[in-house]
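Structure record follows, encoded as structure tokens.
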Amino acid sequence: MAAGTLDRLFRPNKPIPRQIELWTGITVAASVFGLWCLFTYGGIVSGDFLPAPGEVWAAFVSTLSDGTLLKHTRVSLYEIYLGFVLSSIIAVPLGIFMGGFRIVAAAIEPVVNFMRYLPVTALIPLLILWVGIGLEQKIAVIFLGTFFQQIVLIADVSGRVHDDLYNVSYTLGASRWQVVTRVLLPATMPGVMDTLRVTMGWAWTFLVVAELVAASSGLGYMILQAMRGLHPATIFVGIFVIGFLGLVTDLAFKWAKNVLLPWTNIR
Amino acid sequence: MGQVHIDEVSLAFETRRAGRVVALEQLSLAVPEKQFAVIVGPSGCGKSSLLDLVAGLKETTAGQCRVDGKVVTSPGADRGMVFQSYSLFPWLTVRKNVEFGLSLNKVPPKERSERADHYIGSVGLLGFENAYPSQLSGGMKQRVAIARALANDPEVLLMDEPFGALDSQTRSLMQELLLGIWEKEQKTVLFVTHDIDEALFLGDVVYVMSARPGRIIDTIDVGLERPRHYDIITTPQFIEFKRRIMSSLHAEVEKAMNLN
Ligand SMILES: Nc1ncnc2c1ncn2[C@@H]1O[C@H](COP(=O)(O)OP(=O)(O)OP(=O)(O)O)[C@@H](O)[C@H]1O
Ligand SMILES: [Mg+2]
């Protein structure tokens, strides 16, 4: 019986019991935390190199109480959401049309593919020259980093909408425009949601890169300052906050998909 | 209403690799209204293409299709189509799928749901109105596709191997269901299949197509009594028809194999 259970857990693509799923995740996370405690409290690595959980907690409490953590977090959140939203509201429709209409693809594909392979980090010096190191620079970095990736991923999704869906709609009397609004758009929605979720993760990367290179506030800046002041615990606070915000955003996207597109989650 | 004329229709594709591929060559046939016409032919002979032409989804290279005398230039709600693949909208429930055509044409919601109810009932899916396609079996999906096409009240129903992906039991149930509905609705049907039993069981007339380029090489007036029941396939007349179609198809399938 026990062998049977174990056997059932290692079948490709098969569901496993909810309880086991949950506890596996908790166990692994707890083990990582345990190892961290072992290395720091056990004196295996120096505190300057890897701060102990207690020190990180203390740094968290102090940056929270003096308001710096909230300030930097607010700046980063503002920058990332502005950059991400700006990018998405242009990339989503453009990507859908690029995948859906060959003529749009022909027009913008060359430019998009050129830009897509330019690492945005290579553009940062130019952007600093053009717009300085303020909010505009962060928005520009996030925008350039996510926009072209989003277009390509979304075009791929809308290009995959099956011809039969269009054909059946025409034979049901749909006009060209109705085919766009009633078939192309809804058919691409799940893929669009997934793309947004994935690119949001990248946006965080670009934001922190931009803040590390040139900024006067934000979580990346806070981390850099902590490094200069030899405060590894504060670096870890910054890292944890970024990780936590990423996790929350990811969950929000998953939740939104289930609520907005219930049909994607039915078995 | 619902007469289909296919007048010396040719269809050729320009391909990069194989050059000009002639799918249909000067093919003519006439389907009177309310007839159940079936087309059988070897794979790749142009059956799907022919239906696409009548539907207006493809353009002829030469010749024309007419429905009630009107030359087909574009797709329209007067010619409903059922595809082999499950072309349901996965984001819509069964009811919304069936109502899709009606909602495009701004039919008032009350009439829309009455018609949807009626056709969901006639394909035996009452109770599944709020299910999504991913929750349905293959046979159920095709029943939704049929209900969706019928709810739009087309003059002509074009069916491209609608039961091709179903297992044989489900398939014969679906054939009987379709005949039951057709006998009530009395629509012109143009039905494509490569299954000879299916063709003879369903059709008033069966057209046999040649290998590519597709032409009509035999026409069988089935004339078996209606309503039909499945044991009809063991009657001597049925078997005789079947032998006749098989022998003309056999040569064509061989040709098709050499072609492809
Ligand atoms: N877009 C296209 N470009 C080039 N050739 C095509 C195209 N569409 C179809 N053909 C060719 O036209 C011929 C007829 O295709 P069609 O799909 O109508 O055949 P079919 O009889 O429906 O075949 P099957 O029984 O396999 O469904 C085939 O030989 C196919 O290769
Ligand atoms: Mg076909």
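Note on naming: letters A, B, ... go to the chains in the order of the sequence lines (proteins, then strands), and numbering restarts at 1 for each one. Heavy-atom basis, side chains included; hydrogens, waters and symmetry copies ignored.
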Counting only heavy atoms not in [X] (residues, nucleotides, ligands), do more than 12 fall under 6.0 Å from its [atom1]?
{"X": "Phe253(A)", "atom1": "CZ", "result": "yes"}
{"X": "Ile103(A)", "atom1": "CD1", "result": "no"}
{"X": "Arg116(A)", "atom1": "CZ", "result": "yes"}

ask   = Measuring heavy-atom distances to chain B, does Ser169(A) have an atom under 4.5 Å in its side chain, in its backbone, in both, or in neither?
value = both
Gap between atom OG1 of Thr264(A) and atom OH of Tyr132(B) - 0.5 Å precision =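 Those atoms lie 9.5 Å apart.
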task = Rounded to the nearest 0.5 Å, what's the gap from OG1 on Thr171(A) to CG on Asn152(B)? Could you check?
result =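 Thr171(A) OG1 to Asn152(B) CG: 8.0 Å, rounded to 0.5 Å.
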If we only count heavy atoms from C-beta on, is the [X] to [Y] side-chain gap below 4.5 Å?
{"X": "Phe100(B)", "Y": "Arg182(A)", "result": "yes"}
{"X": "Leu165(A)", "Y": "Phe89(B)", "result": "yes"}
{"X": "Ser134(B)", "Y": "Trp263(A)", "result": "no"}

key: Donor-acceptor pair, side chain of Asp164(A) and main chain of Ser87(B), under 3.5 angstrom   =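 No, because the side chain of Asp164(A) does not come within donor-acceptor range (under 3.5 Å) of the backbone of Ser87(B).
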message = Can you tell me which of Ser175(A), Ala187(A), Ala174(A) forms the most heavy-atom pairs within a distance under 4.5 Å of chain B?
response =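 Heavy-atom pairs under 4.5 Å are most numerous for Ala187(A).
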Residues of residues 56-67 of chain B near chain A, each having a heavy atom less than 4.5 Å away = Leu57(B)
Segment of Ser74(B) engaging chain A (4.5 angstrom heavy-atom cut-off) =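 Contact with chain A: none, neither part.
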ask   = By a 4.5 Å heavy-atom criterion (distance strictly below it), what part of Leu88(B) contacts chain A: side chain, backbone, both, or neither?
value = backbone
query = So which heavy atom on Gln178(A) is nearest to which on Leu104(B), and how close?
reply = NE2-O, 3.0 Å
note = All heavy atoms of Gly173(A) vs all of Asn105(B), minimum pair found to be O-OD1, 4.0 Å
query = Residues two or more places apart in sequence or in another chain: which of them pass ring pair (Phe, Tyr, Trp, His ring centres under 6.0 Å) with Phe97(A)?
reply = Phe101(A)
